[in-house]
Amino acid sequence: MDTPFIITLDGPAGVGKSTLAKRLADHFKIAYLDTGAMFRGTAWQLGEGSWDWDEDKLDEALKGLEFSLSGSGSNSILSLNNSPLTDEIRTETVGMWASNVAKIPAVREYQKIAQRSIGETTSLIAEGRDMGTVIFPQAPCKFFLDADLEERAQRRFMQLQEMGKPADMEELVEQIRARDDQDRNRKAAPLKPAEDSILVDTTNLDIDGVFEKLVFETEKKIN
Ligand code: DC
């Protein structure tokens, strides 16, 4: 079997990673791995306050979680214990829970094993915070997206509205700021660009422009 081809896409909340990752996955006909959804699913399943559990209780609970990925492109389906993850995990509250559990080294270790095992058999566009730095450092194609906080909050606002989830803009700015601070400043696998990643500031770019750039850069690596 050919070695799977991995594209990594990292960056802070609301930068447009999911939209771009799905489009890239469709374009290159590979699967899409949303690792944020894995942390959200973990936090959702374990519940509020699980980030304060003692090591044994947490280890036991983590052993009961099994993630799998099926399908391809934007139709890739991420399941937890054989049930596809749903929009229930998409609120900003669950995002913060996810960021809270994501600080814990045991949780990250568990996720690393699950994510690498998916990448061993499947060509992927892998989206998250530490895809290029920690999980797939050997990936031939790495991107790091960034954008101003206000712009990211606005994008997340639109996304939540489309899902029928009401949101307050000012509250969203504060929630995203707090989550990013926590993700950038944690000890374990903090959010940062890999040294060999291509940095794209998307603040003043539309999604089509960013998509074209990512396709162009990826094709350079393939050919
Ligand atoms: O991408 P997202 O907003 O769905 O991610 C939710 C949280 O999960 C994010 O604030 C931090 C954590 N996360 C992480 O620590 N590492 C990843 N690779 C992906 C997400």
Side-chain angles (χ1 to χ4, degrees), residues 6-22 24-25 32-46 48 50-51 62 65 67 69 76 78 80 85-119 124-137 139 142-147 149 151-160 162-163 165 167 172-194 197 202:
I6 311 267
I7 303 169
T8 65
L9 191 55
D10 290 306
V15 79
K17 297 189 299 295
S18 300
T19 310
L20 286 158
K22 284 182 197 160
L24 285 171
Y32 156 59
L33 180 66
D34 177 357
T35 62
M38 295 175 75
F39 283 95
R40 286 170 182 264
T42 300
W44 177 252
Q45 186 79 20
L46 270 44
E48 188 169 14
S50 52
W51 42 93
L62 290 173
L65 305 183
F67 287 94
L69 186 68
S76 302
L78 185 63
L80 173 53
L85 289 166
T86 66
D87 279 351
E88 275 171 329
I89 61 167
R90 297 284 164 201
T91 62
E92 231 353 90
T93 303
V94 177
M96 196 62 194
W97 291 11
S99 177
N100 291 342
V101 296
K103 285 200 302 187
I104 305 171
V107 172
R108 300 211 73 85
E109 199 48 39
Y110 167 80
Q111 294 281 354
K112 180 158 81 180
I113 293 166
Q115 291 161 8
R116 283 190 179 162
S117 120
I118 293 171
L124 292 176
I125 163 101
E127 179 220 310
R129 303 292 187 290
D130 60 341
M131 296 297 102
T133 49
V134 175
I135 306 298
F136 300 116
K142 300 182 185 179
F143 298 104
F144 190 93
L145 304 184
D146 212 344
L149 175 65
E151 175 63 26
R152 291 189 285 114
Q154 180 63 36
R155 289 179 193 169
R156 185 47 65 88
F157 181 79
M158 305 292 287
Q159 208 178 31
L160 288 169
E162 274 164 28
M163 282 192 264
K165 294 185 190 297
L172 211 48
V173 169
E174 278 325 305
Q175 286 171 325
I176 291 181
R177 188 202 309 277
R179 189 146 72 89
D180 278 351
D181 280 352
Q182 176 155 281
D183 292 343
R184 284 185 211 273
N185 295 315
R186 68 181 175 222
K187 283 204 185 74
L191 167 67
K192 65 173 181 190
S197 64
T202 70

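Hydrogens, waters and symmetry mates play no part in the numbers below; they use all other heavy atoms, side chains included. For ligands, and for the atoms within them, numbers begin at 1 and follow the listed sequence.
Shown here for Phe136 and Arg116, the closest heavy-atom pair between the two residues is CE2-CA, 4.0 Å. The minimum heavy-atom distance between Ile89 and Leu85, with the atom names listed, is CD1-CB, 4.2 Å. In terms of heavy atoms, Phe144 sits closest to Lys192 at CE1-C, 3.5 Å.
At a 3.5 angstrom cut-off on N or O pairs, Arg90 does not count as close to ligand 1. The N/O atoms of Asp34, backbone and side chain alike, include none that comes under 3.5 Å of an N/O atom in ligand 1. Note: no N/O pair closer than 3.5 Å links Arg156 and ligand 1 by distance alone.
The closest side-chain heavy-atom distance from Val107 to Leu46 is not below 4.5 Å. Annotation: side chain of Lys103 is not in contact with side chain of Trp51 (no heavy-atom distance under 4.5 Å). Arg155 places none of its side-chain heavy atoms less than 4.5 Å from the side chain of Gln159. Put simply, the side chain of Lys142 does not reach to within 4.5 Å of the side chain of Met131, judged on heavy atoms.
In this structure, atom 19 (C) of ligand 1 lies nearest to the protein heavy atom Thr35 OG1, 3.4 Å. Of all protein heavy atoms, the one closest to atom 12 (C) of ligand 1 is Ala102 CB, 3.8 Å. Counting protein heavy atoms only, atom 8 (O) of ligand 1 is closest to Phe39 CB, 3.5 Å. Of the protein's non-hydrogen atoms, the one nearest atom 16 (N) of ligand 1 is Arg108 NH2, 3.0 Å. In this structure, atom 4 (O) of ligand 1 lies nearest to the protein heavy atom Arg40 NE, 2.6 Å.
Contacts between Met38 and ligand 1, counted as non-hydrogen atom pairs separated by less than 4.0 Å, are absent for every part of the residue.
At least one heavy atom of Arg186 sits closer than 4.0 Å to an atom of ligand 1.
A donor-acceptor contact shorter than 3.5 Å links the side chain of Arg152 to the backbone of Ala13.
Each of the atoms 18 (N) of ligand 1 lies under 4.0 Å from some heavy atom of Met131. Shown in contact with Ala98 at under 4.0 Å from a heavy atom are these atoms of ligand 1, numbered in order with element: 6 (C), 7 (C), 8 (O).
Of the candidates Arg129, Glu127, Arg179, Lys17, Arg129 brings a heavy atom nearest to atom 1 (O) of ligand 1.
A 6.0 Å sphere centred on CE of Met163 holds more than 12 heavy atoms belonging to other residues, nucleotides or ligands.
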